Amino acid sequence: MIQFAAQYPWLIPGLPLLAALVIGSLGKWLKGWAHVPAILAMLGSFALSIALLIGLNKGPDAGGIAPIIDFNLFEWISAGNFHVPVALTIDPLTAIYLSFITGISLLIFIYASGYMKGDYGYWRFFAYLALFVFFMTMLVMGSNFILLYLGWEGVGLSSYLLIGYYYPRPSAVAAAKKAFITNRVGDFGLAIGVFLIYTLFGNITYSVVFHRVAVDHEFITVHQALLNWIPFCLMLGAFGKSAQFPLHVWLPDAMEGPTPVSALIHAATMVTAGIYLIARTLPLFQLNPVSLEVVAIIGGFTAFLAATIALCQYDLKRIWAYSTLSQLGYMFLALGVAASTSAVFHVFTHAFFKALLFLTAGSVMHAMGGELDIRKMSGVAKVMPKTCVLMLIGCLALAGFPGFAGFFSKDEIIAAAFNKPGIAGLLLGVLALLVALMTAYYTFRLFFRVFTGPLVLPATAGHHEPSPFALAEDHGHDEHAHDEHADGAHGEHGAAEHKNLDGPISMWGPLVILALGAIGAGYLGLFGAPEGAHGGWFHHFLSPVLGGGAENHAEAAGETAERVSHTVMMGISSVVALIGIGIAWYFHKKNRHAADIVAANFRPLVTFLYNKWYIDEFYEALFLRPLWVLGHLLNIIDRYVVDGLVFLVGFIPQMAGYLLKPTQRGILQRYAVGMIAGAAAIVLGVLYLLK
């Protein structure tokens, strides 16, 4: 299997693409079976990805494989000296990304087969999902910047299609457009960066570019000015795709898509692309240390911004969306403080527990008839015991509770921030700890509000949310409406105590696997490395591509002193996590009335955070309204000035024709008189001139 995967790595993106084509072509006939090709394709891609991971880990001396650089498939573009092959790179970074992209996507596909059952656009939904995974795998497997850009734009297109999947709903259409347009800003920066790379290096292949950066010091010296700008262009692209400030505004609105889409975007695909981009192009960023400083500062600020907003949100999925923004901020912070392996490690662990949290939120939404307001439900554990346990595991991992996945990866980042030389490191470390405290609080604020306390269910509990397609296109009733949960009414005060609303095994079964990952994935960062190697298996495996993380960079710079070791940070962050959970327990389980009193006393601050720092309103005032006014002004100029000139140009010959029309009556006698009069006028004129 390992050798087969090494010989045919193109099957990893090829199988999802084939599934997308099959479902797109035959979906109307497949109908409720449209998920089968998608799941089978993802199963095959996942098996091949794991085979590559195992083969690379073994190495060629132990029956495995060596990293595959530039596995050429065919020539795509050839124009003069510009050549773009469709070629793949398989190295440890790619293998790690492929493992969680395909694995978590497989689980989400299985979950979606139950969650979306009976939906009007069922086959279209799975075609889009498969296309999404194809582009994401191409993004991380491509061996050059053009294939990277192809995958980059492809995941943007797929996210647009999936966020706006419920297109009869105006809010979904608006969210899809917002995501698409906001990402165009970042994508413009990435495109300029790629153009600069080709202009300077005359090549767009990673291996060629990075090799020249490593060995041609004269070239670096001569072109230092332009090389300094390349990281900032790439950074803009990363900030757009991974929703970092100030391009973060699209991600919370992406919740308008179906919940499996939210899980796929937040856990396994699109938003992790920015971290991949910077990790892959780290040699270019290291040419300009200021760029890494900016990455760290923006990452730290985004983590803080999103965490504060999450404190005062009431929408179940939006809280997790802002949590994703905050965790992505941690990852960029790690990249900026030269802890690149820790950044990718957090990407890996985050994929498990964030997919788990979104899918359990989807289960709650599915059971509550589409209701997401955490103020309208309580004691849900009584009717959804499996979902409660699974979400608790995800919450513990996100909050950084000792022993869970997020605890290990997040602590590495906080320790690396503290160990960055200078006052900047101290400030970033304190900020990261503060964010960890807020994360533990808002995570368990949601959990205690929804799953503990007296049983209170919305009236729609047990009746699944009506399909927007059914409402918009008059398809009668939603096919969800009369399934196993729909018999009997549910009042506001829990008339459904005897019912289990956990849903079918296709929905909660994949969550069990994700829960195991949310518990155990972090231990890959502690254990499994060869004797004498720093860190665990994960860091050792990535070290050939990313180096040894913050410690190696510190030693290279002569900075061997550490403010805080990882072990000490584990103890500190454990206390921080427990404090956050304890505060949430008091205010949202034991004494909810006290939380209402505190909120009332700090009403202006709560309102400020609830309205997301008014950043959307600021953008509307600064960009949207002026552009709206400019658009209307240009419309007026187009209609009355441009069109008026065109009308005038056409009107002049019309008037001339109207004035000459009396001379064109078809009466021969008048024509003869006119000819004689004209000839006489000519003769008289000539005589006058001769005189």
Side-chain angles (χ1 to χ4, degrees), residues 5 8-27 30 34-52 71 73-74 76 84-90 94-110 112-113 121 123-165 179-180 183 187 241 257-258 260-261 263-273 276-277 280 351 355:
Y8 303 100
W10 54 268
L11 284 173
I12 296 174
L15 291 174
L17 178 61
L18 178 63
L21 294 174
V22 169
I23 298 169
S25 303
L26 306 176
L30 290 172
H35 62 279
V36 174
I39 292 175
L40 290 177
M42 287 315 308
L43 185 61
S45 294
F46 176 61
L48 292 170
S49 299
I50 294 300
L52 286 177
F71 183 95
L73 297 177
F74 57 88
W76 179 22
V84 180
V86 174
L88 308 178
T89 291
I90 308 298
T94 300
I96 288 291
Y97 259 82
L98 287 176
S99 65
F100 71 78
I101 289 170
T102 56
I104 290 180
S105 296
L106 172 62
L107 297 174
I108 291 173
F109 281 29
I110 296 171
S113 67
W123 63 272
R124 180 168 58 89
F125 179 77
F126 277 96
Y128 291 167
L129 285 185
L131 190 66
F132 202 162
V133 177
F134 160 70
F135 281 121
M136 188 63 194
T137 51
M138 281 303 301
L139 190 155
V140 301
M141 293 182 74
S143 68
N144 58 66
F145 286 95
I146 300 300
L147 287 180
L148 169 77
Y149 195 78
L150 169 70
W152 198 268
E153 292 299 321
V155 294
L157 169 65
S158 302
S159 68
Y160 171 78
L161 295 173
L162 287 165
I163 294 169
Y165 172 75
F180 193 79
N183 273 277
D187 295 355
K241 202 64 74 185
V261 174
L264 195 62
I265 291 175
H266 287 249
T269 55
M270 187 168 172
V271 297
T272 65
Y276 173 82
L277 173 63
R280 175 61 72 191

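Given the structure is predicted, the values throughout are model-derived calculations rather than measurements.
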Do [X] and [Y] have side chains that get closer than 4.5 Å, going by heavy atoms?
{"X": "Pro85", "Y": "Leu73", "result": "no"}
{"X": "Tyr165", "Y": "Val261", "result": "no"}
{"X": "Tyr276", "Y": "Thr94", "result": "yes"}
{"X": "Thr272", "Y": "Met136", "result": "yes"}

Review point. Can you check whether Thr102's main-chain N or O pairs, donor with acceptor, with Ser45's side chain at less than 3.5 Å?
Key: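 Side chain of Ser45 to backbone of Thr102, a donor-acceptor pair under 3.5 Å: no, none is there.
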
Distance, nearest 0.5 Å, that separates [atom1] of [X] from [atom2] of [Y]:
{"X": "Leu11", "Y": "Leu48", "atom1": "CG", "atom2": "CG", "answer": "6.0 Å"}
{"X": "Leu129", "Y": "His35", "atom1": "CG", "atom2": "NE2", "answer": "12.5 Å"}
{"X": "Leu106", "Y": "Leu40", "atom1": "CG", "atom2": "CG", "answer": "9.5 Å"}
{"X": "Met270", "Y": "Ile265", "atom1": "CE", "atom2": "CD1", "answer": "6.5 Å"}
{"X": "Thr269", "Y": "Lys241", "atom1": "OG1", "atom2": "NZ", "answer": "10.5 Å"}
{"X": "Phe180", "Y": "Asn183", "atom1": "CZ", "atom2": "CG", "answer": "8.5 Å"}

Donor-acceptor contacts, no H, no angles, side chain residues 12-24, under 3.5 Å, sequence neighbours left out:
none

Among all residues two or more places apart in sequence or in another chain, which pass the ring pair (Phe, Tyr, Trp, His ring centres under 6.0 Å) test with [X]?
{"X": "Phe132", "result": "none"}
{"X": "Phe135", "result": "none"}
{"X": "Phe100", "result": "Tyr97"}

Practice item. Assess whether side-chain contact (heavy atoms from CB on, under 4.5 Å) is satisfied between Ile146 and Trp76, documenting all intermediate values. Key: CA-CA 10 Å; Ile146 300 300; Trp76 179 22; 3.5 Å; yes

Throw together a table of side-chain donor-acceptor distances under 3.5 angstrom for residues 154-163, partners on residues two or more places apart or in other chains.
from	atom 1	to	atom 2	distance (Å)
Ser158	OG	Gly154	O	3.0
Ser159	OG	Val155	O	3.2
Ser159	OG	Gly156	O	2.7

Exercise for review: Might you work through the side-chain contact (heavy atoms from CB on, under 4.5 Å) test for Phe46 and Ser105, ending with a clear yes or no?
Suggested key: CA-CA 9 Å; Phe46 176 61; Ser105 296; over 6 Å; no

**Study point:** Sole candidate of Leu147, Leu148, Val133 that passes side-chain contact (heavy atoms from CB on, under 4.5 Å) when paired with Met138
**Key:**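 Single side-chain contact (heavy atoms from CB on, under 4.5 Å) partner of Met138 among Leu147, Leu148, Val133: Leu147.
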
Review point. What orientation do Phe109 and Phe126 show, parallel under 30°, tilted 30 to 60°, or perpendicular over 60°?
Key: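 Ring orientation of Phe109 relative to Phe126: perpendicular.
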
Practice item. Please identify each residue that fulfils side chain to side chain donor-acceptor pair (under 3.5 Å) with Trp152, with sequence neighbours left out. Key: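 With neighbours one apart ignored, the set is Asp187.
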
Exercise for review: Mind running side-chain contact (heavy atoms from CB on, under 4.5 Å) on Arg280 and Val140 for me, showing each step along the way?
Suggested key: CA-CA 9 Å; Arg280 175 61 72 191; Val140 301; over 6 Å; no

